[in-house]
There are 2 protein chains.
Amino acid sequence: MSRPKAPRVSMADVARLAGVSSQTVSRVANGHPSVVGSTRQQVLAAMKELHYRPNSAARALKSGQFRTIGVILFTLSSTGNSRTLEAIATHAALQGYAITLIPVAMPTQDSVLGAFTRLGELAVDGVIVIMEVHLLDAATVTLPPNVQVVVVDSDAGDRYTVVDTDQADGARQAVEHLLALGHRTVWHVTGPEESFASDRRAQAWRDTLTAAGREIPPPQRGDWSAESGYRAGLALADEPGCTAIFAANDQMALGVLRALHERGRAVPADVSVVGFDDIPDATSFIPPLTTVHQDFAEVGRRCVEGVLRQIERGETEHGTALVPTRLVVRASTAPPIDGR
Amino acid sequence: MSRPKAPRVSMADVARLAGVSSQTVSRVANGHPSVVGSTRQQVLAAMKELHYRPNSAARALKSGQFRTIGVILFTLSSTGNSRTLEAIATHAALQGYAITLIPVAMPTQDSVLGAFTRLGELAVDGVIVIMEVHLLDAATVTLPPNVQVVVVDSDAGDRYTVVDTDQADGARQAVEHLLALGHRTVWHVTGPEESFASDRRAQAWRDTLTAAGREIPPPQRGDWSAESGYRAGLALADEPGCTAIFAANDQMALGVLRALHERGRAVPADVSVVGFDDIPDATSFIPPLTTVHQDFAEVGRRCVEGVLRQIERGETEHGTALVPTRLVVRASTAPPIDGR
DNA sequence: CGGGCTGATGTTTACGTAAACATTACGCAG
DNA sequence: CTGCGTAATGTTTACGTAAACATCAGCCCG
């Protein structure tokens, strides 16, 4: 039934039908000016009749460009990654670039190295790495020389072009919001150790408390998952002085909310909770979550701009571009009950 | 600082250094048997020294195959899509295939048509469409003849190869679970109209109630978002006879939980709630959500298998492959309070 | 009125790979 | 010892496109 041997239509076929040379077909395809109107019409008609589609492999071979950007990432399960990826794909498409996904099975240097090795054979002009950069360091040696790199989630702005959310400022806003409400100090649930974003948020949390002259409670280590937030929340629910919690992402905040609920600590009456990310579901948490809004779309847009600038203009300017964040106040934060 | 003109290393360069012909290099690269050991070693050494990487464009031009699968989807914001995509990417990589993302800006026929037109020029051997198939119908005519298609979220098994979760059976399990607990009937919050998955779940809900001889309450229309679930939940909270709600996905269930909470209806004491998807966060809802687990990894794996079978063996067998679902009972369901 | 110039189109070539075909050299059988 | 077969390697060619160069016709200006 199906014909696997569908013969591909080439410029030569179109040229034959239109009665011109294949070079003229090429000129029409690329919008070259020096083709007279009547000829152009003939060629266009022939293209349409034969359903001509340019062969991207030949085009890439000739031009040395693939018009494709590779995106290396570890997982799509985190909201941040998948939303950044979506924004990247959208903006790349707008610029006429396709996206090739390069998933890395596990966040180990071996896996990353493997991904980069494969990358050498892949048809990409540039790469966006959504990953902590330390994992990338070992792999750098094998990076094909023509491939440009932009990195998210890193502080390696001296060696790469880095685009990231302004993690520190977001965390500062969260902590200051809680302090401004009158809380004596703020407890923190962190992300996993390997994450630069988590580090950065924790550091800013510490710095903001220090700057305000507040005590720094021991941080609870999480792993971004709601489950880990739940465990941290159970621990914090038993801390008598804990009236304000800043969770490093919304999913852990969800877990914290559940733990507090189970232990009979009311939010925000007894304890205030702030998250980070502003995932769409955050408005429907119980109660709706005060959180730090990240502009993933903007991060994606700047990533694409960054690689394209490198690819098309050969500019390799390193440095870090920070995308601002914004605190969104909902119902999970309130002043503490005095006299506790 | 950077050298944009890094000259690409070709087989000819390797051949020169190794003192053989480029054809011999090709044979070594492709593991052809008739190359004697010593020659092979020389070539491999030369490859390593020059950091040779095969040029995929040339290879594709020669072979007519790109070893790439395109994935067309509308959005990554839904858990299902992004997790299916991740599974697809992982399995494709295992088979030596890359994934090219083709995002469609809006779920309109025009957008889809545009995506498919671009597709013609893209370097892909096959396509996986994660989208309701009706949107695809208008675009089909422009599908390049060599490209194989597998569809998710559709009942078009007579015209395409379709892989999907067994939506109907999942919904049936959810409803039967609630009836078995003793609820008189089950109310339903649906997904958006255009979604086949939503239709299918709603249909199975209706059928299961009918088969049990129960009354069928008017369904509440949602759009997959937690916000829409919240609105539906507010409406249902005021329904006196409503003791059991089946939401067509977990996010809408989250919204329902919040609405019930705000109206003072306890879950599961007053009302039981069941979701669909089993997103990781579902364990941390208040209370932890009983839901229908979808095996996205398996869906992704079968999609890849399906396209590859078509690409590599030219088999174009249509039909629908259903991936089974499993009800996960947590704390959001319980028998109704009698005498209401 | 003719030479050169410009604009439209055709011809040649190269991109990197790999199939198809050609050429060695070596070993073994007659 | 000669010839043939086979295994190893080299040479040619084609894939589809587009840059570079070549050709041709018409027209402007001296």
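The sequence lines fix the lettering, A, B, ..., with proteins before strands; numbering per chain opens at 1.
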Using a heavy-atom distance cut-off of less than 4.0 Å, which residues of residues 29-41 of chain A contact DNA chain C? A:Ser34, A:Val35, A:Val36, A:Thr39
Round to a whole Å and report the spacing from NZ of A:Lys62 to P of C:dC15. 8 Å
Tell me the interatomic distance from A:Arg53, atom CZ, to D:dT17, atom P, rounded to whole angstroms. 13 Å
B:Arg16 atom CZ is separated from D:dG10 atom C1', nearest whole Å, by 16 Å
Over all atoms of both residues, closest heavy-atom pair of B:Met47 and B:Ala29: CE-CB, 3.9 Å
Separation of D:dT17 atom P from A:Arg67 atom CZ, nearest Å, is 17 Å
Among B:Arg309, B:Gln310, B:Glu305, exactly one meets side-chain hydrogen bond (donor to acceptor under 3.5 Å, both in side chains) together with B:Thr161. Which residue is that? B:Gln310
Would you call B:Ile130 and B:Ile88 a side-chain contact if the rule is heavy atoms closer than 4.5 Å? yes
For a quick test of reading the model: is some side-chain N or O of B:Thr24 closer than 4.0 Å to OP1 or OP2 of D:dG10? yes
Calculate the interatomic distance between A:Gln65 atom CD and D:dA18 atom C1'; express it in whole Å. 14 Å
Once you apply a heavy-atom cut-off of 4.0 Å, does B:Ser26 come out as touching a base, just sugar-phosphate, or nothing? base
Tell me whether A:Thr84 contacts the main-chain N or O of A:Ser82 through its side chain, where contact means a donor paired with an acceptor under 3.5 Å. no
Which nucleotide in the set D:dA18, D:dG16, D:dT12 lies at the smallest distance from any side-chain heavy atom of B:Gln23? D:dT12
Where the side chain of A:Arg67 meets the backbone of A:Gln95, is there a donor-acceptor pair that is under 3.5 Å apart? yes
Does the distance from a Lys or Arg side-chain N to an Asp or Glu carboxylate O, for B:Arg83 and B:Glu86, drop under 4.0 Å? no
Would you list the atom pairs, donor with acceptor, under 3.5 Å between side chains in residues 12-22 of chain A and any protein atom, with sequence neighbours excluded?
{"residue": "A:Asp13", "atom": "OD1", "partner": "A:Arg16", "partner atom": "NH1", "Å": "3.4"}
{"residue": "A:Asp13", "atom": "OD2", "partner": "A:Ser10", "partner atom": "N", "Å": "2.8"}
{"residue": "A:Asp13", "atom": "OD2", "partner": "A:Ser10", "partner atom": "OG", "Å": "3.4"}
{"residue": "A:Ser21", "atom": "OG", "partner": "A:Gln23", "partner atom": "N", "Å": "3.4"}
{"residue": "A:Ser21", "atom": "OG", "partner": "A:Thr24", "partner atom": "N", "Å": "3.4"}
{"residue": "A:Ser21", "atom": "OG", "partner": "A:Thr24", "partner atom": "OG1", "Å": "3.3"}

How is A:Val20 classified with respect to the nucleic acid when contacts are heavy atoms under 4.0 Å: base, sugar-phosphate, or nothing? sugar-phosphate
Report the end-to-end axis angle of the helix from C:dC1-D:dG30 to C:dG30-D:dC1; each axis comes from five terminal pairs, and the value is rounded to 10°. 60°
Rounded to the Å, how far apart are B:Arg59 CZ and C:dA19 P? 10 Å
With a 3.5 Å cut-off and just heavy-atom distances, do the side chain of A:Arg27 and the base of C:dG10 make a donor-acceptor pair? yes
Whole-Å distance between C:dT9 P and A:Met11 CE? 16 Å
I need the CG-P distance between A:Leu61 and D:dA19, as an integer number of Å. 13 Å
